[in-house]
Amino acid sequence: MRADRLVSLVLLLRQRGRLTADTLARELEVSTRTVLRDIEALSAAGVPVYAERGRHGGFALLPGFRTELTGLNHDEALALLAAGSGRGEQVFGLGPALASALRKVVDALPESHRAAASDAAQRFLVDPQADLLSRRLVTEEVPDTIMIEVRRAVLAGRKLRIHYAAAGQTPRWRTVDPIGLVTVRDRGYLLATRSGADRTYRLSRVLAAEELPVMAQRPNRVDLDRIWRERSAQFLSDGDHITVLVRVNPARREGLLDTALAVRAEDPDADGWLRLEVTYQDPRHAEWALWQLGMDAEALAPQSLRTSLRTRATAIATRYADSYRE
C-alpha cells in the first residue's frame, strides 16, 4: 500500500510541479505527517525531491525525472482518460485506484502525446451529475469497508457473509457464493447463489460484509452478461409487474423511459409518435408514471389502466369545474 502511495506522490509532483504538503495529503487521502514521512523516504531512496520554503513554497522534483511507457498510442491514452472522467470512477470502490492509474498513464506518455491527450480528454464529459433538465442523478453510496470485502470475495472466489436489508424485511445475515458484480445506472449489484439458488443483491442494501476463508461453490468461467439478462427476465416475470402499451410524443420519450422498469418493444407510430411496450412495478406505478406525461402520452392497454387514468382525469375536471361557472 505504501509503495503505491509513494509512486502516486512522485507522479503528482511530475505532473503538477510544486505542491504543498496539504495539497498532497488531500490528493493521496492521508495526513500531512504521512506525506512528510513519505517525502523523507523518497529522498533517502535517491528520488530527487526537494522542499522550497516561503509563502509559495512546497515540494518539487528536479527537472528530467520521469518514467517511460511504450506501446500506448494517443487514442489508447485518450480512451483511458475519458473513461476516468465521469462518475464511473466510483464504481465498486475503485475510484482512488483509477485516479492513481490515470496519473501513471499520463506521466508515462511520451512528451509529444501527453499534453494532447490531456487536453483532448477535457473535451469529454461522461455521465454528469445532472441532465439537461437539471435533474440530479442519484448515485447509491456503498461504504468502502463493505465494498472492499465484497470485491475481495468476488475476485478470490471465497464465500461471503453479508448483513442484508431486503425491501420490507428485517435485516439478517446471509452466507452466499459470489459470482460477480454489475453496475446499472449507478446502482451496483452482487450476483451470487445461496444454497444453490440464484440471488441478486443490491449493494446499497448491504449493511456489513465479511469475506470468509472458505472457497465459494461457483464455475471457473462466467458469462455475466448472459446471467444478468436471464435474471432481468426473471425479475420482470415475478410479482405484480404490469406491461403497458403506450403512445408517446418523441420529445417525452426519455421521461417515459426514466419511470419504466424495462422496455420490451419500441416502434414508430403513423403520426410520428412512438409506440412502446414498457413494464412498470405495478398498476399504481404505471398510472402515476403516465399521469406525469399529461397529453404527451396515451395508454393503449391494458383497459384497466385506461379506466383508472380516465377516472383520475374526471375527478380533476370535476374539482375545477365550479371555477369556470363562476
Enquirer: Tell me whether V244 shares a hydrophobic cluster with W273, the cluster being built from Ile, Leu, Val, Met, Phe, Trp, Tyr side chains joined at under 4.5 Å.
Expert: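 No, V244 does not connect to W273 through the hydrophobic network.
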
Enquirer: Would you say that more than 12 heavy atoms from the other residues, nucleotides or ligands in this model lie under 6.0 Å from the CG of D271, or not?
Expert: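 Check passes, neighbour count above 12.
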
Enquirer: Check the pair Y280 / T243 against side-chain contact (heavy atoms from CB on, under 4.5 Å), numbers first and verdict last.
Expert: CA-CA 6 Å; Y280 288 102; T243 298; over 6 Å; no

Enquirer: Apply side-chain contact (heavy atoms from CB on, under 4.5 Å) to the pair V182 and L191, showing each step before the final yes or no.
Expert: CA-CA 7 Å; V182 176; L191 304 187; 3.7 Å; yes

Enquirer: Do the side-chain N and O atoms of S31 and T34 include a donor-acceptor pair separated by under 3.5 angstrom?
Expert: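 Checked: S31/T34 side chains pair up, N/O donor to acceptor below 3.5 Å.
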
Enquirer: Could you tell me whether the side chain of L212 reaches within less than 4.5 Å of the side chain of L160, counting heavy atoms only?
Expert: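 No, too far: nothing below the 4.5 Å cut-off.
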
Enquirer: For the residue pair D22 / T32, report whether a side-chain donor-acceptor contact shorter than 3.5 Å exists.
Expert: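 Looking only at side-chain atoms, D22 and T32 do form a donor-acceptor pair, the distance falling under 3.5 Å.
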
Enquirer: Determine, stepwise, if the pair T193 / I179 fulfils side-chain contact (heavy atoms from CB on, under 4.5 Å).
Expert: CA-CA 7 Å; T193 60; I179 295 174; 3.7 Å; yes

Enquirer: Could you grab the distance from atom CG of L181 to atom CE of M147, nearest 0.5 Å is fine?
Expert: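 L181 atom CG to M147 atom CE measures 4.5 Å (nearest 0.5 Å).
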
Enquirer: Are Y201 and R194 close enough that a side-chain donor and a side-chain acceptor fall under 3.5 Å?
Expert: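 Y201 vs R194: donor-acceptor pair found between side chains.
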
Enquirer: Out of curiosity, R252 CZ to M295 CE, how far, rounded to the nearest 0.5 Å?
Expert: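 Going from CZ on R252 over to CE on M295, the span is 12.0 Å.
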
Enquirer: Would I316 and L309 show up in the same hydrophobic cluster when neighbours are defined by side-chain heavy atoms closer than 4.5 Å?
Expert: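 They do share one cluster, since a chain of ILVMFWY contacts under 4.5 Å joins I316 to L309.
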
Enquirer: May I ask you to say whether R161 pairs ionically with E210, meaning some side-chain N is under 4.0 Å from a carboxylate O?
Expert: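 Result for this pair is yes, salt bridge flagged.
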
Enquirer: Answer with yes or no whether the side chains of T23 and T20 bring together a donor and an acceptor at under 3.5 Å.
Expert: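 On atom types as modelled, these side chains qualify, holding a pair under 3.5 Å.
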
Enquirer: Is it true that L305 and L257 fall in one hydrophobic cluster, defined by side-chain heavy atoms closer than 4.5 Å?
Expert: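 Same cluster: L305 reaches L257 through Ile, Leu, Val, Met, Phe, Trp or Tyr contacts under 4.5 Å.
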
Enquirer: Between V150 and A209, which heavy-atom pair has the shortest distance, and what is it?
Expert: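 V150 and A209 have their closest heavy atoms at CG2-CB, 3.9 Å.
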
Enquirer: Walk me through it: do R264 and T279 pass the test side-chain contact (heavy atoms from CB on, under 4.5 Å)?
Expert: CA-CA 7 Å; R264 294 178 176 269; T279 299; 2.9 Å; yes

Enquirer: Centroid separation under 6.0 Å, is that true for the rings of W228 and Y189?
Expert: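 Distance test on ring centres: under 6.0 Å, yes.
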
Enquirer: What distance do E230 atom CD and D223 atom CG have between them, rounded to the nearest 0.5 Å?
Expert: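 Taking CD in E230 and CG in D223, the distance rounds to 8.5 Å.
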
Enquirer: Atom CG in D296, atom CG in L256: separation rounded to 0.5 Å?
Expert: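 Taking CG in D296 and CG in L256, the distance rounds to 11.0 Å.
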
Enquirer: Following the transitive rule for hydrophobic clusters with a side-chain heavy-atom cut-off under 4.5 Å over Ile, Leu, Val, Met, Phe, Trp and Tyr, establish whether V263 and L245 coincide in one cluster.
Expert: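 No, separate clusters.
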
Enquirer: So, E211 and R152, do they make that salt bridge, N to O below 4.0 Å?
Expert: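 Salt bridge between E211 and R152, a charged N being under 4.0 Å from a carboxylate O: no.
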
Enquirer: Would you call R253 and E266 a salt bridge, taking side-chain N to carboxylate O under 4.0 Å as the test?
Expert: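 Salt bridge present between R253 and E266.
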
Enquirer: Between R247 and D269, is there a salt bridge with N-O shorter than 4.0 Å?
Expert: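 Between R247 and D269 there is a salt bridge, with a charged N closer than 4.0 Å to a carboxylate O.
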
Enquirer: Going by an N to O cut-off under 4.0 Å, is there a salt bridge joining R218 and D177?
Expert: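 Answer for the salt bridge query: no.
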
Enquirer: Tell me, yes or no, whether the heavy-atom count around R33 atom CZ, taken from other residues, nucleotides or ligands under 6.0 Å, exceeds 12.
Expert: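 At most 12 heavy atoms, drawn from other residues, nucleotides or ligands, come within 6.0 Å of this atom.
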
Enquirer: Please determine whether the number of non-hydrogen atoms from other residues, nucleotides or ligands lying under 6.0 Å from atom CZ of R284 exceeds 12.
Expert: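 No - once you tally the heavy atoms of other residues, nucleotides and ligands closer than 6.0 Å, there are 12 at most.
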
Enquirer: Does R306 come within less than 4.0 Å of E298, counting only side-chain N to carboxylate O?
Expert: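 Salt bridge between R306 and E298, a charged N being under 4.0 Å from a carboxylate O: yes.
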
Enquirer: How close do T259 and A289 get, counting heavy atoms only, and between which atoms?
Expert: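 The answer is OG1-CB, 3.4 Å.
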
Enquirer: Once you round to the nearest 0.5 Å, how far does CG of L19 lie from CZ of R26?
Expert: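 L19 atom CG to R26 atom CZ measures 9.5 Å (nearest 0.5 Å).
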
Enquirer: With distance as the sole test, does Q292 use its side chain to make a donor-acceptor pair with the main-chain N or O of W288 at under 3.5 Å?
Expert: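 Yes.
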
Enquirer: How long is the span from the OG1 atom in T311 to the CD atom in E287, to the nearest 0.5 Å?
Expert: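 Here the rounded value is 8.0 Å.
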
